[in-house]
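Scroll down for the structure; my scribbles are underneath it.
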Amino acid sequence: MSINMAKSQPMLEVVGLGKTFGGLAANADVSFSVARGSISGLIGPNGAGKSTLFKTILGVHRPDTGRIMLDGQDITQASQQSRCRSGLCCTFQISESFTEMDVRESAMVAAYCRTSRRSEARSIADAILTDLGLAARAGRRNSELNAFERKKAELATALATRPKLLLLDELFAGCSLGEISELIDILGRLNQRDGITLIIVEHVLHVIMSMSDQVIVLESGRIIETGTPEQVSTSPAVLKAYLGEDYNVDEHQQFRRPG
Amino acid sequence: MLMSINNLDARVERLPVLKGVSLEVEEGRITVIVGANGSGKSTLLRTIVGLNPASGGSIRFKGEEIQNRPAYEIAALGISLVPEGRRLFSEMTVSENLEMGAYLCRHDKAKVRANLDRVYELFPVLKEHRDRKAKTFSGGQQQMITLGRGLMSSPKLLMIDELSLGLAPKVISEILEKIVVLNKQGMSIYLVEQNVKQALRIADYGYVLDNGRVAMKGTAHALLNDENVQKTYLGL
Amino acid sequence: MKNWIRSVALATAVASLAAPALADDDTFKVGMVTYLTGDWGYPGTSTKRSFEIAAEMKGTVLGKKIEPVIVDAQNPNNQVAEAQRLMAQGIKFYIQGYNLVPVPLARYVVDNGGLMADGTSWFPDLTEEGGYQNYFMFMPSWKDFSKTLVDYSLKFGKDNLGKDPKDLKIALIGNPIMSYVGDEAARILEEKGIPAAIHETYGNDIADFTPLITKMKEANIDIVIPYQLGSDAELYRRQAAGLQETPPILLAAGVGYDQPEFANMGDAALGSMSLSYTVPEMKEASAPGLKEFKERYKAKYGELPVTHGLQTFATAMAFFEMVEKAGSFDIDKVRQTMETIEIPRGQLPNYWGVKFDEKHNNTLANPLIIGQWIPGPDGKPVYKVVYPAELAVADPIIPYFKKH
Amino acid sequence: MTPQIIITLLLNGLFTGAIYGLFASGLTFQLGSLSIANFGYGSWLILAMYTTFFALKIWNVPLAFVVLVLPVIYFAAGYVIRNRLLVGGSLNVQILSTIGIAMIVDGLIILFYSPAPRTLGIIEPLIEIAPGIRIGAIRLTVFILAAVLLVLFQLFLQRSHLGKVIRAVVLEKETAMLMGINSERIIGIAFGISFVLIAISGIMLIHLFPVTTSAGSSYQLMSFLIATIAGLGNMRGAFYAGLAIGVLNAFLLYFAASFVTVVIFSLFVVVLILRSGRTAGMRHI
Amino acid sequence: MHRNLARPVGIAIIVGLIGVLLTLPLFPSPSTTYFMGLILQVMLFVYLAQAWNLAGGLAGLFSLGHSAYFGIGAYAYAVGVAKYGLPPLACFAIGLFLSAVLAVITGLISTRLSGMFFAMVTLGLNEILLNLASQLTWLTKGDAGTYLRKQFTISFTTAYWVFFGLCIAAFVLMALIRHSKLGTLCVAIKENEAFSRAIGVNTGLWKIVILLISAAMVSIGGGFFAMYQGIVAPTMVFSFSISIKMLIVTMIGGMGTVFGPLAGAVLIVFDELVRAWLGSSFGGVSLVAYGTILVICVLFLPKGIMERLRPASREASS
């Protein structure tokens, strides 16, 4: 483990979360905790309830049962913007950004969560864009960027809220190998240098397996396994439900863990 | 050669997604395209059927250039796409869904009848519940409806996008078996899949798409056993 | 760059085309701003046509050919802009057009050196306030109108139904456009200690009168006073006839009840009376010029003018005469002449005379006229003036409805 | 207030409401199923009313001919408007272009038919259905026709091949194209059919109500109101909502004629807000 | 078109325009009066459109009932001075207060309803006010209108200057807001409300704030309109056509752009001119022409005139 996860209070604690849509349980009795400064992976087949869980944590949905604690604070009933102020933010999938705004302005929208002064918001945005290597694109509209730049721009927007905990939804989808490495570097930096706790929801399993301290596996709305990547990838329950019987652990070790 | 694609470029919302894709689909075979999420697989299919414009290159179907023609014309040529995410006419019954699938041969009642029998034979469960609304079925059964719907126009080429999406492994195997049966009956099939291993096992020939380009191609058997392919691309 | 140039060029071209034509001194131009489109395009069109016929009939004033310049105000908010366009052409004299909110137009014309003869408005605001020295109101106000309405109703109730005013059950129903007439009538009735049994102002887009008709039938109403203006009058009478609502007396306020459609309504129209300022159907012998006006109008447009048309025609004719009397196109001279002139009753096509008081209200703007739909020779309803006697062409049949 | 009066008001409200339901149904179909916000709806409705008036009264054309020809012309107009002007447009484009078309229609009405109010002036014969309870024959006819028409339209959508194709395109436009269906053409045809509903509504309305050049906007508003209350695209719902509003209207007219519109629109706003949870899940426009 | 030229040319045109507007009243003649009248109409609607643009263009609050604020402002002034003899400033304050109440209600509704449904609710609210204004005759004198005596009105020239000032103020305000925190957040809300919420934007609050500003501007416009017209009747102010004109002008010019409403004013000029040329001889022709132009504009400029005038370089670069 790269960061001392020892005794400190968990960054996120989810207890008994349940959410039902029209009689269908999207999540049932979901409990897990995420240590401060750690990286967690959330995986599961399509329709397992990942995105419902993601949205419930963010406050898009209100849970039917259970509670959510962020950094020791109960945020179950908090509004989205107050969650954001408390340090919770996310990136959505690619289509979800402001297409007609320029990159800097998008990041500034997020920075206004921390400051009301335009100049300050601008400097926050610029600093993050420079950090992510997007400074040259700051004046471009999001719709004029390529897919990878758009991803980074959206990451920059999320970072401009100065999150303590960042949820990443399918950040790696559609990226080439080189781009994946670059993103992994960036995430590692954010995690190591800035101490941002990360939760990664992902299809590209090798990324999850190589980066995470902890992997949570969802199936049919329930958690079927939580543990280190090694534990998860050898768990019979996971293999059966998700990876298929012939899953080979070694295939996923080609990326080095950050740090 | 049933279909050959040459140097195809395509954009989605101004972003280049396909960058010079060339591939071929042979008659009577199962051809598979695999690749990671976002590598351009679905865009390739959408471009072939005319739902997404091609910005360069050519698509030939039975020798005829078909790129950038409207989707309904391409369908009339005998290309049937089973779209990603099933896209059923959810408020309509099974038989109505199948009737829509037979839109192109709606004037040939005998043919519709024959196709319907064939679909019901392939998926008996559909015949049993033909008057139920499509949205009330389970994921696997819905996938059967879309497959059946795609067959109703007696296409020359059946293209299937992400067959396994959101299905339990057991169900996937079941449906893949049906695909093999179809292929044995002479149907040319063009499959786009994320579930690489299962797909390659039933296929004749395969392409690996990476970041909008064809990264590898070969017989399914060779791809399955190629260590490099396994490591780099097929690790789910 | 090209785009900017192109848009500037376009704007300049548009602006230059808009430049008003310079005044032509050979003619006597008289302006009119009226509704030709929009909600009230129909009476507005009749006003326009009547004004044109007046100009045609009079021909010249002080040797100059009269040239009516008529523009479409479309809605109240456009009228001032239209007046400005006419003023820019050097037009100083105006006849008021058909206009539901005529104040901004009249005010603008008068404030900016024009003179307006108003023969279609009946809003007393400007003349009550006073001080608009170039504004002349040929009409009495709607307050007089409401009073006359009540007086006649009570008279008919006493003379023809034999009921004491206190025992009369009176219903006032109508639309918001005419609600000032209805409210004023209700107020007068209240003052007299005979409050209206039913007083309802429904919405402008009413489609069904059955509930109101049911209510009136239930209350056993003696006199119905509808204050309606447009197609709601027709719809109400038609539905009332369908439901066999037969009040002994129906005396409508204003123009909703003399519209030509009523002729086709058969029994539904028969018997209903309406109080108007003036109507083209009055005794032609009493109103010089009326016959010719109607004939010309009919020949040109295939139909008869509506009340506002006649009102405008009469006003225009009187105004032309006044300018002629003034002997000059000088605004002040014309005003002075108008202030002093007296045209006795019976010399204008609408029968009225003209004599302005110090606030420029026409003191000879009466009598008001009652017409009634009575069976014609072929049994179809025809509209005949029944009061006052000097203008009547037929005898009233009261109560009409009870007979059927 | 006697039971007879209550029943009279109720029946009368229902019959008037059926007419509301009828003329709102076309708009519901356009707005909900075809996702086209037609702000020219009222103008097309009064154009049909004017045209019917002129055909019957001035040109002396038999009613049967009008009933046969006008819907055909309207179908063509609807098709052309959808597939030449509105195709691929955003909500903004739709609003502006349909308003523009409405202005053209209003202008043509004034040009060719003059701004005079028109009425067929038919006095409705009454049918006594129970002692003391009489209802208008035309209204009864329109009620029945409207109900039959809407049932037929539902049947057409449910049973006929074209109807199924329209439903398929409404549900999944792109997928329908994969079946070889020319979706744009089908939507054009469906829009044309909704115009047929307008034409038929207009022909019926002029037999009951007078028409003025400004009547379009109140029909338009009422149609929007009914369509939104019923839930966009729900034609049966629109018919019921029309009935409900008709009854409400009748009782309000009896008790508080001045505030009919205020009460109905306040209810409309409240209903929309209360249903907002459900509207969010509806077809997005 | 070169990007570096677009700005100076734009500035030159605007400075020139302001210059013309400033000098026109110095040369009184009937034809300048006519032009001033035309310009006054244009300025009124450019001002109202800019106010609509703040809520509708910037924040995507597609209101079809903005005339409600116009009517409230106009009636607050007219009823205030004519019936209750209040000082004009107090009347404006009352108008602003009532508009603010309505804006807050509308803003709260906008957190629950969007798109077509929101538009319909605003339309409904305006319809309610229209009917109240025409039925509450004891307060408003109904459809006959509330008449203002001369001392409560302003002359045509004063109105010209008032609306000139209001227009300038509206443009300055829009330019300031567009590049402020509020403007940025509003655009974010319009573009993607869900994402905005996720990155900490209190969308409900900012929607209400921008609606309040927009409503206040329209309400003030209504008050001055009443002063200028000298009478207020329900259909003059609570009219759907006024709401529609606000959004037509904005949309033809370009939604959410600072100078969109100015560009869209071309349409008002066109409308006035067509009616001037053809209105009296052929009643319907002006409507047909106006409608045709509108349809053509929408077909060829679906995103507004400003979109065309914007430098085209961006497209090529990506």
Side-chain angles (χ1 to χ4, degrees), chain D residues 31 35 37 39-40 84-86 88-115 213 217-218 220-221 224-225 227-228 232 257-269 272-277 279-280 282 284-285, chain E residues 56-57 62 64 105-106 108-109 111-132 134-137 235 239-241 244-245 247-248 250-252 255 271 278 282-299 301-304:
Chain D
L31 198 55
S35 299
F39 277 77
R84 291 282 170 275
L85 297 178
L86 298 179
S90 61
L91 178 64
N92 298 352
V93 168
Q94 286 174 10
I95 290 180
L96 284 194
S97 36
T98 50
I99 287 174
I101 295 167
M103 284 177 177
I104 299 175
V105 171
D106 287 346
L108 292 177
I109 289 175
I110 292 171
L111 262 181
F112 291 111
Y113 297 149
S114 96
T213 48
S217 60
S218 48
Q220 169 109 29
L221 213 54
F224 269 133
L225 183 138
T228 347
L232 299 185
S258 302
F259 295 102
V260 174
T261 319
V262 172
V263 172
I264 287 184
F265 274 90
S266 306
L267 266 175
F268 161 71
V269 170
L272 261 192
I273 294 169
L274 290 181
R275 288 173 44 120
S276 60
T279 50
M282 279 185 212
H284 184 69
I285 303 210
Chain E
F62 201 94
L64 287 176
I105 293 172
T106 315
L108 288 175
I109 290 172
T111 60
R112 304 199 58 169
L113 297 171
S114 62
M116 198 67 213
F117 292 97
F118 175 72
M120 284 298 131
V121 164
T122 55
L123 193 61
L125 289 173
N126 180 63
E127 194 66 16
I128 291 170
L129 288 173
L130 169 67
N131 275 276
L132 284 178
S134 102
Q135 294 285 4
L136 300 178
T137 45
T235 47
S239 138
F240 181 57
S241 67
I244 281 291
K245 225 167 175 174
L247 73 100
I248 285 180
T250 313
M251 285 161 85
I252 292 295
M255 294 239 285
D271 180 28
L278 304 168
F282 308 96
V285 171
S286 60
L287 275 172
V288 174
Y290 187 38
T292 311
I293 282 291
L294 191 56
V295 171
I296 290 173
C297 275
V298 174
L299 283 183
L301 299 165
K303 283 190 168 173

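Every chain is numbered from 1 and lettered A, B, ... according to where its sequence line falls, protein lines coming before strand lines.
Using a 4.5 Å cut-off between heavy atoms, E/L136 touches chain D through its side chain atoms alone. For a residue to count as touching a neighbouring chain, one of its non-hydrogen atoms must lie under 4.5 Å from one of that chain's; by this rule E/L123 touches chain D with the side chain only. For a residue to count as touching a neighbouring chain, one of its non-hydrogen atoms must lie under 4.5 Å from one of that chain's; by this rule E/L294 touches chain D with the side chain only. E/L299 touches chain D through its side chain: at least one heavy atom from C-beta onward sits under 4.5 Å away, while N, CA, C and O do not. For D/F112, no part lies near chain E; criterion is any non-hydrogen pair under 4.5 Å. Residue D/L225 does not touch chain E at all, counting heavy-atom pairs closer than 4.5 Å. For chain D, the nearby parts of E/L132 are the backbone and the side chain; heavy atoms of each come within less than 4.5 Å. For a residue to count as touching a neighbouring chain, one of its non-hydrogen atoms must lie under 4.5 Å from one of that chain's; by this rule E/I293 does not touch chain D. Of the two parts of D/I264, neither the backbone nor the side chain holds a non-hydrogen atom closer than 4.5 Å to a non-hydrogen atom of chain E.
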*asked:* Would D/L96 and E/I252 count as a side-chain contact (heavy atoms from CB on, under 4.5 Å) here? Give the steps.
replied: CA-CA 9 Å; D/L96 284 194; E/I252 292 295; 4.1 Å; yes

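With contacts defined as side-chain heavy-atom distances shorter than 4.5 Å, the pair E/V121/E/F117 does not qualify. At least one side-chain heavy atom of E/L64 sits under 4.5 Å from a side-chain heavy atom of D/F39. The closest side-chain heavy-atom distance from D/T213 to D/Y113 is not below 4.5 Å.
The side-chain contact (heavy atoms from CB on, under 4.5 Å) search around D/S97 returns D/L86, D/V93, E/V298, not counting sequence neighbours.
The two atoms that bring E/T137 and E/S134 nearest to each other are CG2-O, 3.9 Å, heavy atoms only.
Taking CD1 of E/I248 as the start and SG of E/C297 as the end, the distance is 10.0 Å to the nearest 0.5 Å.
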